[in-house]
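Scroll down for the structure; my scribbles are underneath it.
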Amino acid sequence: MQAQQLLPLLPELARAGLRRAATPLRVWWRKNWFYRRLLKGPLADHVVFYPWDAAPRRLEEADSLLRGRFRFYGASVDVPDGVSVFDLKPPSPAWHMALHSFAWLPALSNAGGDNARKLATNLIAQWVKRHGTYSEPVWLAHIMARRLAAIFTHGRLVILNSEMMWRSRLFVSLREQCRMLERISREAPDGLPRLETAAVLALSGLCLDDSPKRRDTGLARLEEEIERQILPDGGHVSRSPEQLLSAYRHLIMVLEALSAVGEEPPHGLRNAHDRMAPMLRFFRHGGGALALFNGGTEGDPRMIAGLLARDDVRGQPFHHARHSAYQRLTAGRTLCLLDCGKTPDGAFALEAHAGACAFELSSGNDRIVVNCGAGGLTHQSWNWALRATAAHSTLTLADTSSAQILPVGWARDLLGPRLTGGPKAPSSRRLETAQGWTAEAMHDAYVEAFGMRHERQITLSPQGLMVTGRDRLVPERAGPGYSFTVRFHIHPDVRVSRLDGGGILLKLPGGEGWRFRAGGGTLEVEESVYLGGPAVRRAEQLVVSGTTKDAPAEIAWVFEQIVA
């Protein structure tokens with residue numbers, strides 16, 4: 001990585017390096033006898049309120065756990081009889097994180113029954129015995145917050161009618177973890193993990209009645225993170241629909257806990273809720289799941305619907321999310337979403353994608369044009385490719401992404417695989433024409449390297465039966481010609497076939513037929529991949545390719561519904 005690119009990152013790199021160097025001293029101090037005395041205080045003996053957790057759970061997960069198989073993020077460990085899973089070597093850091101986040105408790109709680117209760121009780125007892133004092137990464141703020149959230153939302157399975165000594169040990173551990181979280185919640189990784197940690201800190205003061213001060217501290221820190229991370233239009237500063245969903249889920253838990261104990265929510269939290277719900281609706285396709293932008297996947301439609309059902313205001317989405325930088329075109333059964341923004345700043349770009357001017361298209365419950373999705377922690381080997389511009393339904397110039405991931409090296413080791421570069425001054429507008437509503441967007445990510453500006457225009461007809469588009473590469477300075485490709489990744493449920501005389505037929509699962517045509521380049525059908533859900537799926541993409549010359553290059557295209 002060039003020195004001029006590293007220069008703005010030096011303050012963050014210095015802080016991250018110092019924190020890593022101080023790890024042994026920090027662990028020693030927080031683990032010693034004297035420090036643990038500081039974690040004493042009033043001891044709760046019951047959970048006042050068990051918040052509703054919208055996260056989806058499947059019964060097959062509980063069946064696997066009851067058979068001794070612990071599977072998280074694509075890795076699994078089979079636990080022999082008489083052995084604790086906490087004594088086994090973790091197959092991956094993500095698996096280890098999930099185990100100590102008590103990711104197994106929601107599935108067992110959902111299954112219920114004596115066997116699930118016995119397993120959960122034994123696992124918690126094993127954890128308290130082995131990890132009752134501070135260590136890393138087990139007691140890192142965000143891991144501890146996820147563990148506490150699992151107990152607060154699903155602990156009813158094991159806490160009610162539990163044996164007295166087991167219960168006492170659990171609540172002693174909860175006291176120490178909650179008081180530790182109050183001290184270190186700001187150490188959680190910046191971005192969504194810090195917001196979630198603040199929310200769980202507030203929950204710890206609401207679900208346990210031992211510390212009104214901790215409740216107030218948590219609410220104040222949550223308000224701080226809401227102010228930092230939730231944009232005026234309700235979007236998350238990462239520009240990821242899925243991260244917005246997670247933030248909204250945690251906010252709902254805090255608001256419902258406040259209601260349960262008869263407390264009025266702070267104005268900042270209520271105001272954020274009323275902005276975030278319409279923004280979630282903004283990103284939903286007709287089937288109820290989310291669009292795939294900036295590292296997000298579809299999410300579970302039932303979970304999203306359940307969360308939005310708790311919104312009494314029922315605010316409707318904007319057409320133009322100005323602060324999140326997205327345009328939304330709707331007519332009839334057709335929806336088009338267009339990314340008009342730039343790379344998020346700093347740690348908020350850890351999962352961001354180089355999808356400048358990418359769009360998605362759906363008709364009713366069926367997605368047509370998509371972005372490829374995200375590998376996440378389950379399919380990590382896919383993440384580099386999926387974050388590149390070529391994995392998005394937009395234009396790629398000279399086979400180069402519009403933004404770059406920090407390369408492997410010491411900077412990435414300290415700061416993570418954040419996205420850098422990208423558009424500096426993107427812009428967009430919408431206007432009404434005789435052909436319908438039009439969204440126009442421009443980005444300058446290719447200007448510095450290639451002297452080219454990308455402009456995209458998309459028009460949706462008044463009945464939603466036709467989507468016309470135009471991509472232009474406009475030279476900012478004289479230079480050689482460059483190759484370009486405009487990609488339209490097609491959802492794997494759509495059947496793709498060529499038409500006689502040119503063009504592409506798209507057959508949707510619901511029975512609709514759409515025709516695609518393009519000019520200004522060579523049209524081909526190529527293989528693609530889709531990771532919008534839990535599995536890797538084969539898909540196809542429509543690719544229009546060509547080469548720029550001295551004049552602007554223009555690619556025109558149209559999706560038209562075939563009406564019988």
Side chain [X], main chain [Y], donor-acceptor under 3.5 Å:
X	Y	value
Thr378	Tyr73	no
Asp233	Ser324	yes
Arg412	Leu406	yes
Glu527	Glu540	no
Asp444	Lys424	yes

Q) Out of Glu440, Arg430, His319, which residue meets the side chain to side chain contact (heavy atoms under 4.5 Å, CB included) rule with Gln327? A)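 The passing option is Arg430.
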
Q: Step by step, work out the side chain to side chain contact (heavy atoms under 4.5 Å, CB included) result for Val467 and Val558.
A: CA-CA 6 Å; Val467 181; Val558 60; over 6 Å; no

Crowding at [atom1], [X] (>12 non-hydrogen neighbours, <6.0 Å):
X	atom1	answer
Arg538	CZ	no
Asp274	CG	yes
Arg495	CZ	no
Asp399	CG	no
Arg322	CZ	no
Arg302	CZ	no
Trp384	CH2	no

**Q.** Closest approach of Pro552 to Arg472 (non-hydrogen atoms, all atoms of both residues)
**A.** CB-NH2, 3.8 Å

Q. What are the two closest non-hydrogen atoms of Leu386 and Ala374, and how far apart are they?
A. CD1-C, 3.6 Å

Q. When you look at Arg367 and Glu360, which way does the salt bridge (charged side-chain N to carboxylate O under 4.0 Å, His left out) test go after all the steps?
A. CA-CA 8 Å; Arg367 298 182 186 226; Glu360 291 203 341; 3.8 Å; yes

Testing the 3.5 Å rule here: is there a donor-acceptor pair between the side chains of [X] and [Y]?
X	Y	answer
His236	Gln229	yes
Ser246	Glu196	yes
Arg487	Thr394	no
His489	Ser528	yes
Ser402	Thr389	yes
Arg275	Asn271	yes
Gln380	Trp382	no

Tell me if the centroids of the rings in [X] and [Y] come within less than 6.0 Å of each other.
X	Y	result
Phe318	Phe282	no
Tyr530	His491	yes
His273	Tyr248	yes

Q: Give a yes/no verdict on a cation-pi contact between Arg310 and Trp52, requiring under 6.0 Å between NZ or CZ and the six-membered ring centre and an angle within 45° of the axis.
A: yes

Q: Carefully, step by step, assess Val474 and Met452 under the rule side chain to side chain contact (heavy atoms under 4.5 Å, CB included).
A: CA-CA 5 Å; Val474 182; Met452 290 281 184; over 6 Å; no

Q. Mind checking whether Trp557 and Phe559 have parallel, tilted or perpendicular rings, split at 30° and 60°?
A.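 Aromatic pair Trp557/Phe559 classed perpendicular.
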
Check: residues 288-297 side-chain donor-acceptor pairs under 3.5 Å, at least two apart:
from, atom 1, to, atom 2, distance (Å)
Asn294, OD1, His353, N, 3.1
Asn294, ND2, Arg239, O, 3.4
Asn294, ND2, Tyr326, OH, 3.2
Thr297, OG1, Glu242, OE1, 3.4
Thr297, OG1, Glu242, OE2, 2.6

Q.
Under the criterion side chain to side chain donor-acceptor pair (under 3.5 Å), I'd like the reasoning laid out for Arg221 against Ser185: C-alpha separation, chi angles, the key distance, then a yes or no.
A. CA-CA 9 Å; Arg221 290 183 187 172; Ser185 66; 2.6 Å; yes

